[in-house]
2 protein chains.
Amino acid sequence: MQLEQPTGAVFVQTTLKVLGGKWKLLILWYLKDEPKRFSELKRSIPNITEKMLMQQLRELEKDEIIVRNVRSTVPLKVEYSFSDYGKTIIPVLIPLCDWGKEHLQRINS
Amino acid sequence: MQLEQPTGAVFVQTTLKVLGGKWKLLILWYLKDEPKRFSELKRSIPNITEKMLMQQLRELEKDEIIVRNVRSTVPLKVEYSFSDYGKTIIPVLIPLCDWGKEHLQRINS
DNA sequence: CCGTATCCTCTACGATACTG
DNA sequence: CAGTATCGTAGAGGATACGG
């Protein structure tokens, strides 16, 4: 019995692992159009703790979806933005958003 | 200060709630082309426990993504399939799958 | 065959305080 | 401003046994 080839089932799971954190989709959505500073993200997502924001950003960075850019000015300036590779995930985000919108309308009526 | 309108950020989160369980995407993928019996799903996903399979199916049913169809024959025959509404989520699954495939190739090289 | 009922583990997430 | 370090908790997920 030989190893099976990955199938569609494996692929969808793979994507979910990258996007699956509680805040990741949210973060990516806010980063989609323009780079944002740490504090800007924090303000955009009031409920998130600094620890979680940090953690999720690091994971997205490790998956090479986003890029961390540091200016060693005073005060410190750190910007997060999509990497070129990360941008390939935007076509995935759009249908996700569209369906969520429809679904929200459905369950609210 | 009035309540804000839902934005794209909220929408993506909504979709993730429906698809977010550890096994849901996997289950949906196997159900995508044809209805499957409980035992067939169990066989397709060897690592899942009956409890988890049951639980995730129930949640997908509650979200009206899938439909449970019972034949009271002996032995019992229960089939799960996409609802008409559930089928609207397939266009979301496809990009998810495509990106996962590309990503797998990327991290394996 | 298709579940339910217990009990248990583990980790994702959070609250809070502190630092370069 | 942009983080790190600790400690704590809820709930998702799992193992196992049993029931219609």
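None of the values given here were measured: they were computed from a predicted structure. Each chain gets a letter, A, B and so on, in the order its sequence line appears, and its residues count up from 1.
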Find out if a path of hydrophobic residues (ILVMFWY) with successive side-chain heavy-atom gaps under 4.5 Å connects A:Leu28 to A:Leu53. yes
Please report the distance, rounded to the nearest Å, between CE in A:Met52 and P in D:dC7. 19 Å
Rounded to whole angstroms, how far apart are CD on B:Gln55 and C1' on D:dG13? 8 Å
Nucleotide of C:dG14, D:dT4, C:dG3 approaching B:Glu50 most closely (side-chain heavy atoms): C:dG3
Looking only at side-chain N and O atoms, does A:Arg43 come under 4.0 Å of OP1 or OP2 in D:dA2? no
Would you indicate what A:Gln56 reaches in the nucleic acid, counting non-hydrogen atoms under 4.0 angstrom: base, sugar-phosphate, or nothing? sugar-phosphate
Nearest to the A:Lys22 side chain among D:dC1, C:dG14, D:dG14, which nucleotide is it? C:dG14
Counting side-chain heavy atoms from CB outward, which of C:dG3, D:dG3, D:dG13 is closest to B:Val78? C:dG3
Nucleotide nearest B:Pro75 (side chain, heavy atoms from C-beta), chosen from C:dC1, C:dC13, C:dG20: C:dC1
Atom CD of A:Glu79 and atom C1' of D:dG3: how far apart are they, to the nearest Å? 17 Å
Stepwise salt bridge (Lys or Arg N to Asp or Glu O under 4.0 Å) check, A:Lys42 with A:Glu50: CA-CA 7 Å; A:Lys42 179 76 186 76; A:Glu50 294 186 346; over 6 Å; no
Nearest to the side chain of B:Phe38, which nucleotide is it out of C:dG3, C:dA15, D:dA2? C:dG3
From C:dC13, D:dG3, C:dC2, nucleotide with atom closest to B:Arg37 side chain: C:dC2
Look at the rings of A:Phe38 and A:Tyr80 and say which category their plane angle falls in: under 30° parallel, 30 to 60° tilted, over 60° perpendicular. tilted
Taking 4.0 angstrom as the limit, do A:Arg68 and A:Glu79 come out as a salt bridge? no
Atom-pair distance (CZ on B:Arg58; P on D:dA12), nearest Å: 17 Å
Per atom distances to the B:Met54 side chain, the nearest of D:dG13, C:dT4, D:dG3 is C:dT4
Closest listed nucleotide, where the reference is the side chain of B:Lys51 and the choices are D:dG20, D:dC7, D:dG14: D:dG14
Is there a side-chain contact between B:Tyr80 and the phosphate of C:dG3, meaning an N or O under 4.0 Å from OP1 or OP2? yes
Rounded distance (Å) that lies between atom P of D:dG3 and atom CD of A:Glu59: 15 Å
Figure out the NZ/C1' separation between A:Lys42 and D:dC1, and round it to whole Å. 13 Å
Take atom CZ of B:Arg106 as the centre, draw a 6.0 Å sphere, and report whether it contains more than 12 heavy atoms from other residues, nucleotides or ligands. yes
Distance in angstrom units between B:Ile45 CD1 and D:dG13 C1', rounded: 15 Å
May I ask you to decide whether A:Lys87 forms a salt bridge with A:Asp84, counting only side-chain N to carboxylate O separations under 4.0 Å? yes
Look at all strands and tell whether A:Arg71 reaches a base, only sugar-phosphate, or nothing, counting heavy atoms closer than 4.0 Å. nothing
Just N and O in the side chain of B:Thr49: are any of them under 4.0 Å from OP1 or OP2 of D:dA15? no
Separation of C:dT19 P from A:Leu76 CG (nearest whole Å): 18 Å
